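The next block holds one structure in the form of structure tokens; read it before the comments.
Residues: numbered from 1 along the sequence shown. None of these values were measured; they are calculated from a predicted model. Each ligand, and each atom within it, is numbered from 1 in the order the structure gives.
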Amino acid sequence: MAMYLGLDFGGTKLAAGLADESGRLLAFGRRPTDPATGPAGAIAVLRSLIESFPSSGDGPVAVGISFGGPVDLTRRRTLLSHHGPGWEDFPLADRVEEIWRFPVQLDNDANAAALGECRFGAARGHRHVLYLTVSTGIGAGIVLDGELYRGARGLSGELGHTIVLPDGPPCPCGKRGCLEAMASGPSIARAYQERLGPNAHDVSAEDVFRASATGDTRATETIERAIRFLGIGVANAVNVLDPDVVVIGGGVARAGEALFGPLRKTVQAFSAPSPPGAVPILPAALDDRAGVVGAIALVASRPI
Ligand SMILES: [Zn+2]
């Protein structure tokens, strides 16, 4: 049976898994990494993690890599990491290929997770999939006709940096009013703190959802506003792509129905009329293994 190795370089942690072509994980592990040690440190952690896997008769035939930052797909290099130095123009795919001597495919984490959810997760069986991760930032991956759509320069899926409120709050990308500036985890937390005013204290988006569940109207208003903008962003993408299904992962998606219930209504309200009904919006199924399973999906060839 063909085996595939999936690697997930997350910035502050690294995960690896070995799976068969159906995406079933036969081994999985995760280790923290020190961002200050750069690629050399991460690769050293990776080697020891793989060595800890139980040995089986079948070694991997290919390696997929999910990287938590922008990559140059043509040159198979990472462009930078937001977590630490050393990843600028780094030949990660070639470096891993030198170690394991198997074909390596590299992509960014949103693309890998999109393909993973399409082949092995919540969107299994669908050919046209829009995947969003709503977390520290907002990233997206697009699967069209069963294959990742990467665009002319590998820059597709920047849904997080589409403008949903001109002149809105500043975004880490330097623009204002991006979807990410309105609905990412830190954006939700910041908007809630602004509503609290002088009484503001440190909160996470998870805290805001929790406060809303206990009747805090300022938390509820904050969440409603974030979901409204998220819904606008998703509806706009749905109108362009006409996907079979939208899958949403990332930390904010763990809020469950408190997010998905109102989001479905908003997306339906802002989408073009589309008989016979709304596009399903589903929670991601792969959760914290999305990077590894997505990396495996990059290299595991199987019909959808
Ligand atoms: Zn932006």
R76: which of D89, D94, D107 passes salt bridge (Lys or Arg N to Asp or Glu O under 4.0 Å): D94

CZ/R150: more than 12 non-hydrogen atoms of other groups inside 6.0 Å: yes

Lys/Arg cation over aromatic F90: R95, 6.0 Å, 45° cone: no

Atoms named by residue and atom, protein N, O or S, within reach of the Zn ion (ligand 1) (under 2.8 Å): H161 ND1, C171 SG, C173 SG, C178 SG

Partners meeting salt bridge (Lys or Arg N to Asp or Glu O under 4.0 Å) with R176 (sequence neighbours left out): none

T74 versus R153, side-chain donor and acceptor atoms under 3.5 Å: no

Short side-chain donor-acceptor distance under 3.5 Å, D207 and Y192: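 No, no side-chain donor-acceptor contact under 3.5 Å.
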
